[in-house]
Amino acid sequence: MRRLLLFIAAAALSAPVWAMHCPMDMAKIDKQLESNPPNDPATLEKVKELRAEGEQLHKAGDHTQSLQVLEQAQALLDSAQ
């Protein structure tokens, strides 16, 4: 029982950490789109879609899914460079 309570407390305390990470990832993607956007229009559009989806998930409180989507956007940006 004690371990369960510790796990729940740790999970509750770590949620704000995930929430604060999403805006940093979105800002990184935005900066990269401004300074060095992909040449391929399809890749650019997909990155913008994933970035917008990540923001929506963040606002909805689904930070784990938001981070996964933002990682996909970042990976596309990295592979396009």
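Between the NZ atom of Lys28 and the CG atom of Leu77 there is a distance of 9.5 Å, given to the nearest 0.5 Å. Taken from CD in Gln68 to CG in Leu70, the straight-line distance is 10.5 Å, to the nearest 0.5 Å. One distance of note links CE of Met24 with CD1 of Ile29; it measures 12.5 Å at 0.5 Å rounding. Distance CG/Leu33 to CG/Leu44: 6.5 Å, rounded to 0.5 Å. To the nearest 0.5 angstrom, Thr64 atom OG1 is 12.5 Å from His58 atom NE2.
Every residue two or more places apart in sequence or in another chain that forms a salt bridge (charged side-chain N to carboxylate O under 4.0 Å, His left out) with Asp30 is listed here: Arg51. Remark: Asn39 engages no residue in a side-chain hydrogen bond (donor to acceptor under 3.5 Å, both in side chains) (not counting sequence neighbours).
Linking Ile, Leu, Val, Met, Phe, Trp and Tyr whenever their side-chain heavy atoms come within less than 4.5 Å leaves Met26 and Leu67 in two separate clusters.
Here the closest heavy-atom approach between residue Leu76 and residue Thr43 is recorded as O-CG2, 4.2 Å. Contact record, Pro37 with Ser35: CD-C, 3.8 Å, taken as the closest heavy-atom pair.
In this structure, the side chain of Ser66 engages the main chain of Gly54 through a donor-acceptor pair within 3.5 Å.
Side-chain contact check for Gln32 and Gln74: at least one donor-acceptor pair (N or O, by modelled atom type) lies under 3.5 Å.
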